Student: 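Can you read through this structure? Questions will come right after.
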Amino acid sequence: PSFDLVGSIDLGTVGAAEISAYDPSTKKLFVVNNTENNNRIDVVDLSIPSSPSLITTISIGRFGGLVNTVSVSDGKLAAGIEAADKVDPGKVVVFNTSTHDVIKEITVGSLPDMVTFTPDGLYILSANEGEPNLDYSIDPPGTVSIIDIEQDYAVTTLGFDHFKYSQYQLEAKGMRVFGPNASLAQDIEPENIAVSSNSSTAWVTLQENNSIAQVNIRAKTI
């Protein structure tokens with residue numbers, strides 16, 4: 001097969017267009033834009049692929065700091081937004097893809113770096129990186145949040161503290177725990193999520209730790 005450029009649009013420079021999500025029902029592409037002095041989601045009309053156009057922007061400043069991730073399912077756009085101070089708890093904000101109105105605002109762990117819907121559309125998952133500040137004087141734990149859409153977006157945020165009891169065995173198998181004075185729970189940094197087709201299991205990459213976490217979504221356990 002061959003691939004040809006059909007159309008393009010310029011949304012900015014450094015910090016623009018890193019992550020995007022397409023909504024087939026509205027033919028809109030939602031694109032993060034964290035260019036200097038911005039934290040917003042650009043909304044692009046893709047109804048004519050050869051001529052994409054910027055419809056509007058969704059301002060994210062009132063919810064915290066930078067928007068790191070977007071995902072779409074069934075007319076809903078979920079955005080992962082870090083706090084103004086990234087070590088504080090972040091948020092997942094859910095918008096209507098047609099009106100761009102806020103459906104729900106949910107507090108999750110520090111620095112949500114990827115959000116995704118389960119294939120059945122019943123849950124939103126957030127990998128909360130918990131990245132430390134520059135001198136490691138504050139190092140929040142890495143966590144995974146499970147948001148139950150049918151239960152009015154009730155959230156359960158899972159940590160890794162209980163794995164400290166098997167840390168020696170995990171490190172012997174190749175897991176890395178290396179942050180200055182960091183516990184295992186603090187050192188773990190969830191980054192990306194993949195979900196099984198039956199929406200029962202998620203796999204979360206722990207990017208700094210040479211590991212992958214397996215999550216039972218309905219039991220809400222790692």
Side-chain angles (χ1 to χ4, degrees), residues 18-19 32 64-71 78-92 106-120 122-149 151 153-222:
E18 183 180 0
I19 305 291
V32 305
L66 303 180
V67 52
N68 294 321
T69 172
V70 286
S71 183
I81 302 166
E82 65 183 68
D85 185 343
K86 70 174 185 177
V87 297
D88 292 334
K91 292 179 180 178
V92 171
I106 308 114
T107 298
V108 293
S110 170
L111 196 62
D113 206 38
M114 178 179 178
V115 296
T116 189
F117 289 84
T118 54
D120 60 14
L122 299 180
Y123 298 92
I124 302 169
L125 307 179
S126 176
N128 311 311
E129 190 172 348
E131 191 176 77
N133 61 1
L134 290 177
D135 65 1
Y136 270 84
S137 60
I138 303 175
D139 188 359
T143 57
V144 177
S145 294
I146 301 173
I147 299 167
D148 190 332
I149 295 173
Q151 297 299 317
Y153 296 88
V155 60
T156 302
T157 296
L158 305 174
F160 291 81
D161 186 62
H162 58 290
F163 287 101
K164 65 186 178 184
Y165 301 109
S166 54
Q167 181 172 338
Y168 176 81
Q169 293 91 330
L170 290 169
E171 288 187 283
K173 293 179 179 180
M175 186 176 190
R176 298 174 72 231
V177 181
F178 62 94
N181 301 312
S183 67
L184 181 146
Q186 290 173 308
D187 202 58
I188 282 179
E189 294 190 1
E191 177 85 2
N192 289 296
I193 308 170
V195 185
S196 62
S197 59
N198 64 3
S199 300
S200 65
T201 305
W203 289 270
V204 183
T205 62
L206 311 179
Q207 66 152 352
E208 304 291 345
N209 312 104
N210 195 36
S211 302
I212 296 173
Q214 181 177 326
V215 180
N216 184 319
I217 295 172
R218 289 177 177 81
K220 299 180 175 63
T221 57
I222 300 172

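A quick note: this is a predicted structure, and the numbers were derived from the prediction, not measured.
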Student: Could you report the tightest heavy-atom contact between Ser196 and Asn198, atom names first, then the distance?
Tutor: OG-OD1, 2.6 Å
Student: For a quick test of reading the model, state the closest non-hydrogen atom pair linking Pro112 to Lys91 and the distance between them.
Tutor: CG-O, 3.8 Å
Student: I'd like to know if the side chain of Asp187 and the backbone of Phe178 have a donor-acceptor N/O pair within less than 3.5 Å.
Tutor: yes
Student: Which atom names give the shortest non-hydrogen contact between Pro190 and Val204, and what distance separates them?
Tutor: CB-CG1, 3.7 Å
Student: Can you tell me if Gln169 and Ser166 form a side-chain donor-acceptor pair at under 3.5 Å?
Tutor: no
Student: Donor-acceptor pair, Thr69 side chain versus Gly80 backbone, under 3.5 Å?
Tutor: no
Student: State, yes or no, whether a side-chain contact exists between Ser126 and Val115 at a heavy-atom distance under 4.5 Å.
Tutor: yes
Student: Whether the side chain of Thr221 engages the backbone of Ala219 through a donor-acceptor N/O pair (distance < 3.5 Å, no angle test) should be reported.
Tutor: no
Student: Do side-chain atoms of Thr157 reach the backbone of Val108 as a donor and acceptor pair under 3.5 angstrom?
Tutor: no
Student: Between Ile217 and Ile146, does the side chain to side chain contact (heavy atoms under 4.5 Å, CB included) criterion hold? Intermediate values first, please.
Tutor: CA-CA 7 Å; Ile217 295 172; Ile146 301 173; 4.2 Å; yes
Student: Pairs under 3.5 angstrom only: tabulate donor-acceptor contacts from the side chains of residues 170-177 to other protein residues two or more places apart or in another chain.
Tutor:
unit_1: Glu171; atom_1: OE1; unit_2: Gln167; atom_2: NE2; d: 3.4
unit_1: Arg176; atom_1: NH1; unit_2: Glu208; atom_2: O; d: 2.8

Student: What is the distance from atom CD1 of Ile81 to atom CG of Leu66, rounded to the nearest 0.5 Å?
Tutor: 10.0 Å
Student: Under 4.5 Å between any side-chain heavy atoms of Leu206 and Phe160, yes or no?
Tutor: yes
Student: Does the Asp120 side chain pair with the main chain of Leu122, one donor and one acceptor, at a distance under 3.5 Å?
Tutor: yes
Student: Can you tell me how far CG of Leu125 sits from CD1 of Ile193, rounded to the nearest 0.5 angstrom?
Tutor: 5.0 Å
Student: I'd like to know if the side chain of Thr118 and the backbone of Tyr123 have a donor-acceptor N/O pair within less than 3.5 Å.
Tutor: yes
Student: Given the rule in the side chain to side chain contact (heavy atoms under 4.5 Å, CB included) test, do Met114 and Ser71 qualify, once you have shown the distances and angles that lead to the verdict?
Tutor: CA-CA 9 Å; Met114 178 179 178; Ser71 183; over 6 Å; no
Student: Would you give the length of the straight line joining atom OG of Ser110 to atom CD of Glu189, rounded to the nearest 0.5 angstrom?
Tutor: 9.5 Å
Student: Please assess Val32 against Asn68 for the test side chain to side chain contact (heavy atoms under 4.5 Å, CB included), listing each intermediate value before the final yes or no.
Tutor: CA-CA 7 Å; Val32 305; Asn68 294 321; over 6 Å; no
Student: Kindly determine whether Phe117 and Ile149 satisfy side chain to side chain contact (heavy atoms under 4.5 Å, CB included), including the steps that lead there.
Tutor: CA-CA 10 Å; Phe117 289 84; Ile149 295 173; 3.8 Å; yes
Student: If you measure from NZ on Lys220 to CG on Leu158, what distance do you get to the nearest 0.5 Å?
Tutor: 9.0 Å
Student: To the nearest 0.5 angstrom, please state how far the CG atom of Asp148 sits from the OG1 atom of Thr156.
Tutor: 8.0 Å
Student: So does Tyr165 have more than 12 non-hydrogen atoms from other groups sitting under 6.0 Å from OH?
Tutor: no
Student: Would you give me the side-chain donor-acceptor pairs under 3.5 Å for residues 137-144, sequence neighbours excluded?
Tutor:
unit_1: Ser137; atom_1: OG; unit_2: Asn133; atom_2: ND2; d: 2.9
unit_1: Ser137; atom_1: OG; unit_2: Asp135; atom_2: OD1; d: 2.7
unit_1: Thr143; atom_1: OG1; unit_2: Asn128; atom_2: ND2; d: 3.0

Student: Do Glu129 and Glu191 touch side chain to side chain, with heavy atoms closer than 4.5 Å?
Tutor: yes
Student: Heavy atoms, side chains only, cut-off 4.5 Å: are Ile124 and Tyr153 in contact?
Tutor: yes
Student: When rounded to the nearest 0.5 angstrom, what is the spacing between OG1 in Thr205 and CG in Asn192?
Tutor: 4.5 Å
